[in-house]
Amino acid sequence: MSIGALVVFTVIQIDRPDIVTTEMKKLSLSSQEPFTLFICLLINCISLFLVARFTKQIFEWIELSESPFIPQISNQINKISAALFVYIIVPTGSVNEINLSSVVLGIVIVLVLYCLSAVFKYGCSLQKEVDGML
């Protein structure tokens, strides 16, 4: 049984503490771990929600503007990379379940997004320069 399933099971069976205690003993979790895991899962859900919200806002700005090179888009990409970084570093299971290759891949994706943000910043400066010439 995964830790996420335990959290859902705990929420569903909140009125039956004997069942929850039995399931915790099967997973050999201390009394503090389910609360910590719940907080970690909550932080990860909020991070993913923010990534989706920031991405939606980027597409709205691109639709409304004449050029995609506006400072708001660069800032949103920075916010997306920060939210993804939080998602990557907050564990959703026990320390034994952390997969190093997925963490490294996540950090690479965050770095690529940061570089993309720098490209958009440079594009903004070029856009200002071109607009100033016309």
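Only a predicted model underlies this, so the values are computations on that prediction, with no experimental measurement involved.
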Partners of [X] by side-chain contact (heavy atoms from CB on, under 4.5 Å), sequence neighbours excluded?
X   : value
I62 : I58, P68, I73
I46 : L42, L50
V51 : T55, I80, A83, L84

- What pairs of residues pass the side-chain hydrogen bond (donor to acceptor under 3.5 Å, both in side chains) test when at least one of them lies in residues 79-91, not counting sequence neighbours?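 Checked against side-chain hydrogen bond (donor to acceptor under 3.5 Å, both in side chains) - neighbours excluded - the pairs reaching residues 79-91 are Q76-K79.
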Same cluster for [X] and [Y] if Ile/Leu/Val/Met/Phe/Trp/Tyr side chains link at under 4.5 Å?
X    : Y   : value
V110 : F49 : yes
L48  : I77 : no
L111 : I88 : yes

How long is the gap from [atom1] on [X] to [atom2] on [Y], to the nearest 0.5 Å?
X    : Y   : atom1 : atom2 : value
L37  : L41 : CG    : CG    : 6.5 Å
I107 : I89 : CD1   : CD1   : 9.0 Å
F54  : N75 : CZ    : CG    : 10.5 Å

- Message: Which residues pass the salt bridge (charged side-chain N to carboxylate O under 4.0 Å, His left out) test with K128, not counting sequence neighbours?
- Response: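 Checked K128 against salt bridge (charged side-chain N to carboxylate O under 4.0 Å, His left out); zero matches.
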- Query: Partners of E66 by salt bridge (charged side-chain N to carboxylate O under 4.0 Å, His left out), sequence neighbours excluded?
  - Reply: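 Checked E66 against salt bridge (charged side-chain N to carboxylate O under 4.0 Å, His left out); zero matches.
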- Item | Residue pairs, two or more places apart or on separate chains, that pass salt bridge (Lys or Arg N to Asp or Glu O under 4.0 Å) and touch residues 36-56 |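 Sorted pair list: K56-E60.
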- Task: Taking all non-hydrogen atoms of both residues into account, name the closest pair between W61 and I70 and its distance.
- Result: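 Looking at all heavy atoms of both residues, the shortest contact is CB-CD1, 4.0 Å.
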Pairs of donor and acceptor atoms involving the side chains of residues 115-125, under 3.5 Å and at least two apart or interchain, shall be tabulated with distances.
residue	atom	partner	partner atom	Å
S117	OG	S74	O	3.2
S117	OG	S74	OG	3.3
S117	OG	N78	OD1	3.0
S117	OG	N78	ND2	3.3
S125	OG	Y122	O	2.7

